[in-house]
Amino acid sequence: MFLPVDSKGMRKLKSNAPCWCGSGHKHKRCHGDRSLLARPRVEIGEVSPVRSVPDHIVRPDYVANGVVGTGRNPQVVTGGDIERLRTVGAIAAQVLLDASAALEVGVSTDAIDEIAHDSYVRQGAYPSTLGYNRFTKSICTSVNGVICHGIPDSRPLEDGDVINIDVTAYLDGFHGDTSATFVVGTTSAPIESLIETTRQATLRGIAAVEPGESLTIIGDVIEPYVLAFGYDVVREYGGHGIGRTFHADPHVNHHVVRSPEFIFEPGMTFTIEPMLLTGARQFTQASDGWTEHADDSMPSAQFEHTVTVTEDGVEIMTVNTVGQSAAGTLGDIGPVPVD
Ligand code: MF3
Ligand code: CO
Ligand code: CO
């Protein structure tokens, strides 16, 4: 049993906080065994050949010219472009629903990629990750101790695997980016608790956005929330401006930071996508140049939405045409945990 505590005692659970293990008991009466969360280290499998996209589907420029990372200015979406962003956001949300519905023990992440790929194409959209910086698949699949950017491959999903599916769609000049984490087969209270805490942290971060508020509110809301459950939030990766550019400024920290003031204005569009860790903070990129493995292989979870600042609050753009998302919506925010 370990309950890591940093030099400032940041990760020490309040004794009255709900225990991280999902027992529903106060931490002081529980202290479950964190090894209950452990999952096998994911070995990287075979990556299948690149899937084709019909010629009539328009690609983002970087697919042809290989250049990403230029023009990172914050994305402010106005007029008819807001509807374009809604449309592509709805497509991304639907791809995430379609791909996650296929999750089953024995199915490979490559098969999930194929289902996602077909869903983008059926909806007339391009999978933004396909050909982005030499990424060759249509989604990211990050299993167990893989924190993010896992490449779909031949590895069959195992009972109890924790998998994040990250979808980015491109249509009519705009990108929409969303992800959610799922359990395959048999779940457990500690894993459910990790996933639900990550979802709540994401939705709470979103709900804090409004015009006039500062970008740093997101980390101010998310980090204390996740620390109270004994998890950590990744600092090396954050959310990003998104719109006509896939990855733009600002960088959205999910932890508490002092950084230059960036104030939200109507139309600003960005992602919120915290990754929660159950083990130590260290992680290492695999030789494929993408997959980020937690060094101790302890599972992580992530949720992501693309959001736009409105005149009086915030709108989640990555919900399907009937308002659904596998990542949840603001109505799913639960009561404040009591202490
Ligand atoms: N969708 C990821 C994000 O949330 C980015 C994936 S880029 C890839 O920003 F190349 F790894 F696919
Ligand atoms: Co993103
Ligand atoms: Co994403």
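No experiment lies behind these values; they were computed from the predicted model shown. Remember, it's 1-based here, ligands and their atoms both numbered in the order they're listed.
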If I take atom [atom1] from residue [X] and atom [atom2] from residue [Y], how far apart are they, to the nearest 0.5 angstrom?
| X | Y | atom1 | atom2 | value |
| --- | --- | --- | --- | --- |
| Phe303 | Thr197 | CZ | OG1 | 10.0 Å |
| Met298 | Thr278 | CE | OG1 | 4.0 Å |
| Glu273 | Cys148 | CD | SG | 8.5 Å |

(request) List the closest protein heavy-atom neighbour of atom 12 (F) of ligand 1: residue, atom name, distance to the nearest 0.1 Å. (result)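 I find the closest protein heavy atom is Thr129 CG2, 3.0 Å.
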(request) Report the nearest protein non-hydrogen atom to atom 3 (C) of ligand 1: residue, atom name, distance rounded to 0.1 Å. (result) Asp177 OD2, 3.3 Å
(message) Between His254 and Tyr237, is the ring centroid distance below 6.0 Å?
(response) no
(request) Measure the distances from the heavy atoms of Asp166 to every atom of ligand 1 and state whether one is below 4.0 angstrom. (result) yes
Pull out every atom of ligand 1 sitting under 4.0 Å from any heavy atom of [X], numbered as shown with elements.
| X | answer |
| --- | --- |
| Phe135 | 8 (C), 10 (F), 11 (F), 12 (F) |
| Thr168 | 1 (N) |
| His240 | 3 (C), 4 (O), 9 (O) |

(request) Would you check whether Tyr132 has a nitrogen or oxygen atom less than 3.5 angstrom from a nitrogen or oxygen atom of ligand 1? (result) no
(message) I want to know if ligand 1 touches Trp290 in the polar sense, i.e. an N/O pair below 3.5 angstrom.
(response)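 So ligand 1 has no N or O lying under 3.5 Å from an N or O of Trp290.
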(request) Would you check if there is a donor-acceptor pair between the side chains of Lys137 and Thr109 at a distance under 3.5 Å? (result) no
(message) Before moving on, can you tell me the angle at the Co ion (ligand 3) between the OD2 atom of Asp166 and the OE1 atom of Glu304, to the nearest 10 degrees?
(response)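 Vertex the Co ion (ligand 3), arms to OD2 of Asp166 and OE1 of Glu304: 90°.
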(request) On the 0 to 90° scale, with breaks at 30° and 60°, tag the Phe229-Tyr225 ring pair as parallel, tilted or perpendicular. (result)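 If you compare the ring of Phe229 with that of Tyr225, the planes turn out tilted.
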(request) Anything under 30° is parallel, anything over 60° is perpendicular, the rest tilted; go ahead and classify Tyr132 against Tyr62. (result)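 Taking Tyr62 first and then Tyr132, their aromatic rings stand perpendicular (interplane angle over 60°).
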(message) With rounding to 10 degrees, what does the angle Glu273:OE2 / the Co ion (ligand 2) / Asp177:OD2 come to?
(response) 160°
(request) Taking both backbone and side-chain atoms into account, decide whether His247 has an N/O/S atom under 2.8 Å from the Co ion (ligand 2). (result) no
(request) Would you indicate which of His149, His247, Glu304 comes nearest to atom 9 (O) of ligand 1 when only heavy atoms are counted? (result) His247
(message) So that I can tick it off, tell me whether Asp98 and Arg122 are bridged by a salt bridge, with the cut-off set at under 4.0 angstrom between side-chain N and carboxylate O.
(response) yes
